[in-house]
Amino acid sequence: MPRKFKSGEWVTVKGKLTSPKMQVIKNVPQKKSIFGLVDNDTYLECVWYKNGERNSKVFHQNNLIKMIETGRLFKTFKTNPKLSLT
């Protein structure tokens with residue numbers, strides 16, 4: 001099966017509205033227990049951050065969809081500086 005995603009691409013879990021925005025880290029080899037074959041192309045390690053904590057998990061590439069929106073894993077908030085004339 002050909003690879004669908006490259007390292008660094010932004011993905012989310014297919015069919016779940018509350019799934020986090022994740023970044024693909026690398027392809028992970030998985031050993032098939034039936035024949036002892038190693039599959040290098042279909043499993044991906046993804047990373048996301050929740051409440052400042054790093055989480056990672058291995059997903060099958062058919063369970064993920066590519067996100068059009070790219071960007072940072074952390075949200076940054078710009079605050080307007082308060083000016084004082086005193």
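Small disclaimer: the values here were computed from a predicted structure and weren't measured.
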> NZ/Lys4 to CD1/Ile65 distance, rounded to the nearest 0.5 angstrom?
11.0 Å
> Could you state the interatomic distance from CD (Glu45) to CZ (Phe59), rounded to the nearest 0.5 Å?
10.5 Å
> With a 4.5 Å cut-off on side-chain heavy atoms, are Lys21 and Trp10 touching?
yes
> Determine whether Cys46 and Val11 make a side-chain contact, defined as any pair of heavy atoms from C-beta on separated by less than 4.5 Å.
yes
> Only counting residues at least two apart or in another chain, list the ones meeting side chain to side chain donor-acceptor pair (under 3.5 Å) with Glu9.
Lys66
> How would you list, by chain and number, every residue that makes a salt bridge (charged side-chain N to carboxylate O under 4.0 Å, His left out) with Lys14, sequence neighbours excluded?
none
> Roughly how far, to the nearest 0.5 Å, is the NE2 atom of His60 from the CG atom of Asn62?
5.0 Å
> Determine the sole option in Val58, Thr42, Leu44 for which the side-chain contact (heavy atoms from CB on, under 4.5 Å) test with Asn27 is passed.
Leu44
> Please assess Asn55 against Tyr49 for the test side-chain contact (heavy atoms from CB on, under 4.5 Å), listing each intermediate value before the final yes or no.
CA-CA 6 Å; Asn55 300 303; Tyr49 289 87; over 6 Å; no
> Are Met22 and Tyr43 linked, directly or through intermediate hydrophobic residues, by side-chain heavy-atom contacts shorter than 4.5 Å (ILVMFWY only)?
no
> Would you call Arg54 and Trp48 a side-chain contact if the rule is heavy atoms closer than 4.5 Å?
no
> Please enumerate all residues that pass side chain to side chain donor-acceptor pair (under 3.5 Å) together with Ser19, with sequence neighbours excluded.
Thr12
